[in-house]
Each structure stands twice: as structure tokens, then as C-alpha cells.
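Working notes, structure below.
Convention: sequence-line order gives letters A, B, ...; per-chain numbering from 1.
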Amino acid sequence: MDNALTSSGMKKSFGRSLLYTLPMFLITFMFMTGGRPDFSRPASALAMVVTFLLVNILYFLMHYTGKTDKLRAILFIIFALSLSFTLINNMLETRNSMSFSQADILECKIPFCHLVIPMMILPAAFTNSIIFPGSIIGGFANIASMVVLWLVATLVLGRGFCSWGCFYGGWDDGFSRIRKKPAIKKISEIWKWMPFAVLIMVSLTAALSLIPTYCDWICPFKAVTEFEQVTSVESATKAVIFVSLFAGLVVVLPVLTRKRTQCSFLCPLGAINTVSNKVTPFTIKIDKKACTECFKCVEVCPLFALSTEGIKEGKVSVFCSKCGKCVDACSKNAIHFGIKGVPSGTMKNFSRNLFLFVSFLFMSVFSAGSIINSLQSLLNLIF
Amino acid sequence: MKKVKIIAGITWAFICLILIIILFPGLNSFSASAAKLPFMKINPNYSGGEVAQQLIATGCTLDIRKPVFDGLIKKRNKGFVQLDWRGNVPDKIVDTIDYDLDNKPDFCIFVDRDQSKTVLYPINSKVRDIIISTPTSYGWAVRVELIK
Amino acid sequence: MQKKELMTDSLILGLSSGSSCLVTCGMVMFPYLMAGSAGVKRIAIDLSLFLLTRLVIYFILATLAWYFGQALFSNQVVRNVVPGILYIVFAVMLVWYSISKNRNQECPAKIVKTVNNHRLVPIFLGIVNSLGFCPALFIILTKGATQGTLIQSYIAFLAFFIGSSIWFLPLPLAGKIRKKEVLKTIGILATGLAGIIFMIKGITNLIGGIING
């Protein structure tokens, strides 16, 4: 019965959708409140209630409407914005500035993020140490927690981490949705291999210099988090680079192409996540019997994971981040969430339900803290 | 075979579901375990290295760390020694440092905290220049460049 | 320039040079160095001879570049400014190479096909390959020419040799690699990226050189 789904086959009745939302409702309630909601501070309580409702309403709507991508993107974008807000707020409170000083480096106070991981591997193997001035455990954004979070997420979601867990991805995802139609349609496929070239370069340079070169020279998200004080020609050059990359790859190109260009053409962690995409049980499958080869999925894919040849062969590439955009675009429900080992075109609903629960739970719990923090700060500012 | 693949796939998917459910409640203990891994320590180029000597004066402590020459595979020719003044640090610091513990002074250092001015007087020819001299949350820190 | 920085830069250059060389020369070299019907021992000897020849050529180039550099860059202003300009020019060439659709597919090593003595083939390949003047080699020549000591010039070329040789090590297994096109693409992109890195370095050097007079 599951095999003969139509385009509206993922929709559920109001009652069934509620039923499917109930486990998420209970688990997110436990994670956000610890089982004991605290209403003693109104701003904090209101922020928590709003976040809790937002998360669960979005999840309910995913079941009720049968749509995935737009609802995922709402939380994903809010996550990116709120995390930058939380980070900046935290830095302004502790240092009065978005730039970090030499003292912050000496005291190993720089918040760690998952983008450092590709550069950590070789030095960790050779020197038995981490080449980052952060805190191993304890404190804000410590290294051990971020590594554990990323490891589990990439194992479970593969490159799905880039659409369901990465707190930077929401930036270019958001900008890629501004225009209804792309102004630039033709982009050479070869650029999608660029993250691998970046990965090779940054891994080697970081190993040789024992400096996380991607963070030091390239990372565009320094524009919305923290950056080195401009005190020399070199630090000024670095500032020009990261601001240009942010403007180009995170803002302008996504707007013009409707693609996530930073994730597709630069991010070295995305390259590693494509490898873990081979391990994760969750995947996107193409039901060749149902596919009419309209290639709408290829057109909408924000990460160049689909090609016309691939669709004809029923193959989705390792670049897929399981955002669900292609699934939503397919009127025949021929492209669908699946589980490895399970033949395409079968168990569509089961696979979607299981994947959505896992991925959305990760995103909602991971994002909850920063969303609550940002809302609380905003409420404190307003009132 | 087809059935085995289906069962294996679904089992792996359910294991992943469990992993995600236990990830957040167990994050603190998983992180604590991860932090115990042998490579989970900050490279001395960032941490400044281990404290080799501690000189205590009234209300102020000077930590002289081990010289750091760490490279990827072997020691580098250029490195640094980090000095940390902690506690009630005076406005003007004058100290003579023997970083290599040979009972001979290697350099003198003068720090005027108000003017943010640091002057190095090398005695040992291996002592080169000041890399960093900065106020910190615990007092003041200086990194002095060394050669092997 | 610090030894660490010198080695890092030269290694990156070597990596970029090696990838572009592999892209153009790979097809010609495969029959000679690839497994095929030959045994592992012969492949290892051929590959070692090939790499050793390249190393010797690079040391000769390092010596020549340094001596020419001493003569050409004796003036402080020239020493500060010219390398920056050369970096930028060669880096542009490197980027152009990676984005150009008319990338030269002809390998200079094709000449080796005319050599009959099998023992000499890897040596000829090494000579032709290391003298295949590409933008990355021009940059390393500039670097070698501007070093303070001959030893530093040797270090630069040695790191360049290591970086470029890494690409050749899997050659014997290349016949078994399924996704050659992907590796080729990543190699070309890495070349372009190295070009961008050196362009930025050139601009920073140039500004620094002008400021320092």
C-alpha cells in the first residue's frame, strides 16, 4: 500500500499528525525543561515556550502537509541567526567586541566550531594535540562537546548534517530562497568538487603550520561570529578575504543562483560529510517506475547532488544533504526519503517518518539553546 | 539476501535513532570521556606549554613555562617561552628570567602596564624578540621568541 | 622568510604543480609507470628512478635560481617588490590554467615515447617532467632566487619536490582507480586554489615591500 503513494501521499490527517508529533513533543519538552519547567523568570519562560511551540508546530506541519524542506528551512535559518546572535551577544558581554584579542588566544578562550575539525585531524595524529586556542571541556562551545556532537550527527545523518545540524548552513540557505527564480542558471558541475580541493589545501597547510588555516584565512562566517583584530597588513588582508567570501558565497551568489554556494563550493567539512554519507542509513531514493524524468528535482537541488544522468540511472550523489527540496518538488512522489538496503519505491512513509524524527530531533534540541537565549535577550531588550 | 539487506538497513536506522535520543542527555559524559583521549589537549603553541618554574612574590606569582619549539613531526628551530604574571601584578614589572634552568640569567624584561610598553634585554644569544605582551584576565602575559 | 613558512608555501606549490602535471602527463606516463603487465619490483624501480631524476633536476634548478637571484635581486627595493609582482603574475597564470577550457592537453613527456632503451625511460620522463615549465615552477624559481642562503633555496625546492611527488605515488595503482575524472577535477581546482593563495601572498608581499621601501 505504501508503494502506491501519490504526490499527496505523505500528508496525514490532523489526528494522525498529532499522534506522530507526540513523541517529539515529549522528548523536546524533557530536553528543554529537564522535566521541570521554570516559570519564575517570565522572559526565560516565554522564550522557552515560544521555542518549544515553534519546534513542535513545525514538526506537526511536516506530517500534516507532507512537505519537508520549507518547514525545515524555517528552523534551520532561525538556528543560524540565533546562534550568530548568541555568539555575538556573548562576545560583546565578555569582551565588548566581536574581534578577539591576543589575550583571548593565549587564554584559549576562542569558541570552537565544527569547521575546525578537518584541520584538526592530521596535527592530532602527529602531535597528539589540538591546534586550536579553545577549551577542551567546560566553557562556551568547548572542543570535546562539539567533536562528539559532530561525530554522532555525521554518522547518523551523513551530509544531512549540512541541512539539519550545521548552524552556518542556514545563512546561505536563507539567502538562496530570496528570489523566486534564479538569475544565473548555468553553473559548471565541476565547482562542486572545490570543497575537496579546499579540504586538501587546508588540511596540509594546517598540519605544516600548526595553524587552523581555514579559520585563520578563509572562513566567511567570521563575518557573523568573531574575527581577529585588524592590526597589520596581514590581518587586514584576512578581513578583506572573509568579508568578500561572505558577501560573495553566502549572500550574492545564493540570491542569484538559488543554490547554497558556500556549502557547495567552499566548505571543507561538507567534503568530509559526503564521505560519511556512505555510512548513514538514511538516503534519498529514486523510484524509477514512478519517475517521469521531468528533472524538476535536479533544478531545485541546492547542493548539485542531482543530475539528469543520475536521475535516469536512479542515483543520487553523495553531495545530497537530505534537505527534502527535491522530494517536495516531485509531483509523482518518485523521489523520496529512504533507508539503505530497502528497495526504492517501497516503505516511503516509514522511511520518511523515521528520518524526520531523527533529523528534526537533532536539529530542534541542538538549536533550542541558542534560540531560547536569543529570544530571551530580545525580550530583555524590548521590555 | 534482499530481506537481510532490508533488515540490516532498518536495524542500523533504529540504532541511529537511539544514538540521537541518548546524544543530548549523555553529552556531558560523552564529552568528558572524549576529553580523556590522548590527543585531546591543546597544542603548546596555543596553551603556552607546561609551567616549569613558579616564582612567588608578595601578592604576585610569575609562571615561567617550558620553552615551546613544537612542530608537526620534529622540533622547530624557532620557538618561544611564555611568562605569566598572576594575582596582584605591579604596574611596572622588572624581572630577570632563567628559562633554561642553567642558573644563568637569559634575559631581563621590563613591562610598563600603564603605557602597554614592554622592553626585552637579551643576555643569552638564543633570546630574540617579544612576540606578544598583553594584559590577561589573570594579570599579564608575555611570549618571548627563542631560537634553538 | 621563516623556514616553516617557506616549506609550507613550497609544498603547496608542489602539490598544485603535481596535480596539473598529472592531469596533462598522466596519460603518457601510465603505460610506463603503471602496473600493467610489469611486476611490482619493476614499477618501484622505475618510479624511484623517475622521482630521483626529478629531485636532481630540482636541486640543479635551486642552485641556478639562487645564484641568478643573488645577481638580480641585490638591490633592496628590487628584492622587496619584484618577487611580489612575479608571484602575482605566475599566480594569475596558475589560476588561468585551472579555469581555462583550452588547457594544454599535450604533455611534454610525449617525446619520451621515441626513446627505445627501457631503462632510460623513467630518467627521461623525470627530466622532461621537472623541466615542464608551468606557473608553479616559475613561482618556486622566484622563491629560490629570493632566499637568503643556498640552503634555503634547496629547502624550498625539496618541499616543492615532495609536494609534487605525492601525486605520482599512486600512479602504479592508477589503472585501478575508477574515478579518474574526479581526481583530475580536484587536482585542477587545487591548482587554481594554490594560484589564489599565491596571488594573495604576492599582493601582501608587494604592499609590505612598498611600505618597507
Side-chain angles (χ1 to χ4, degrees), chain A residues 27 30-31 101-103 105-109 120 122-138 142-149 151-153 155-157 207-211 280-282 338-343 346-347 350-351 354-355 357-359 361-362 365-366, chain B residues 1-48 68 70-74 76 82 84 131-143:
Chain A
I27 294 176
M30 288 302 290
F31 285 154
S101 63
Q102 286 182 324
I105 298 173
L106 281 187
E107 293 182 57
C108 292
K109 280 183 176 171
M120 263 173 50
L122 282 178
F126 283 100
T127 68
N128 242 351
S129 61
I130 305 289
I131 53 158
F132 189 82
S135 147
I136 292 284
I137 192 122
N142 67 68
I143 296 169
S145 300
M146 284 306 301
V147 169
V148 169
L149 276 169
L151 261 179
V152 175
L155 183 75
V156 172
L157 304 171
L208 286 163
S209 61
L210 297 184
I211 293 168
T280 168
F282 304 107
I339 294 171
K340 282 177 189 160
V342 177
T346 60
M347 298 173 81
F350 172 78
S351 304
L354 194 57
F355 173 71
F357 186 77
V358 170
S359 52
L361 181 64
F362 179 78
V365 180
F366 193 27
Chain B
M1 190 62 194
K2 206 174 159 189
K3 263 193 176 173
V4 174
K5 271 187 173 178
I6 294 172
I7 293 167
I10 293 174
T11 310
W12 178 216
F14 271 101
I15 292 170
C16 287
L17 167 72
I18 295 162
L19 272 175
I20 288 293
I21 291 175
I22 61 168
L23 173 64
F24 289 98
L27 187 60
N28 284 344
S29 69
F30 297 148
S31 307
S33 306
K36 284 177 194 154
L37 290 169
F39 63 84
M40 274 288 189
K41 52 181 184 281
I42 303 292
N43 189 282
N45 284 298
Y46 295 97
S47 66
V68 175
D70 293 50
L72 181 69
I73 296 163
K74 63 182 194 73
R76 291 167 173 167
Q82 185 170 322
D84 296 303
I131 305 173
I132 298 171
S133 180
T134 179
T136 58
S137 61
Y138 51 79
W140 197 275
V142 169
R143 273 189 185 183

Measure across Leu17(B) and Phe357(A) and return the closest heavy-atom pair with its distance rounded to 0.1 Å.
CD1-CD2, 3.1 Å
Ile42(B) and Cys108(A): which non-hydrogen atoms are nearest, and at how many Å?
CG2-SG, 3.9 Å
Where does Thr134(B) contact chain A at under 4.5 Å (heavy atoms): side chain, backbone, both or neither?
side chain
Does any heavy atom of chain B fall under 4.5 Å from the side chain of Thr280(A), the backbone, both, or neither of them?
backbone
Is the backbone of Ser137(B) close enough, under 3.5 Å, to the side chain of Glu107(A) for a donor and an acceptor to pair up by distance?
yes
Can Leu361(A) and Ile21(B) be said to form a side-chain contact (heavy atoms from CB on, under 4.5 Å), step by step?
CA-CA 8 Å; Leu361(A) 181 64; Ile21(B) 291 175; 3.8 Å; yes
Does Asp84(B) form a side-chain contact (heavy atoms from CB on, under 4.5 Å) with Leu106(A)? I'd like the steps, not just the answer.
CA-CA 10 Å; Asp84(B) 296 303; Leu106(A) 281 187; 5.7 Å; no
Need one label for Ala8(B): side chain, backbone, both or neither, based on atoms under 4.5 Å from any heavy atom in chain A.
neither
Side chains of Phe350(A) and Ile10(B) in contact at under 4.5 Å (non-hydrogen atoms):
yes
Which atom pair, heavy atoms only, marks the closest approach of Ala144(A) to Met40(B)?
CA-CE, 4.1 Å
Output all residues satisfying side-chain contact (heavy atoms from CB on, under 4.5 Å) with Ala124(A), sequence neighbours left out; order by chain, then residue number.
Phe39(B)
Chain B contact via Ile339(A) - which portion, at a heavy-atom distance below 4.5 Å
side chain
If one checks every heavy atom of Pro135(B) against chain A at 4.5 Å, the contacting part turns out to be backbone
Do Leu23(B) and Val148(A) have side chains that get closer than 4.5 Å, going by heavy atoms?
yes
Measure the NZ-CD1 distance between Lys41(B) and Ile136(A) for me, rounded to the nearest 0.5 Å.
9.5 Å
One should read off an interatomic distance between Ile132(B) CD1 and Gln102(A) CD, to the nearest 0.5 angstrom, of 4.5 Å
Who pairs with Pro281(A) by side-chain contact (heavy atoms from CB on, under 4.5 Å), at least two apart in sequence or on another chain?
Trp12(B), Ala13(B), Cys16(B)
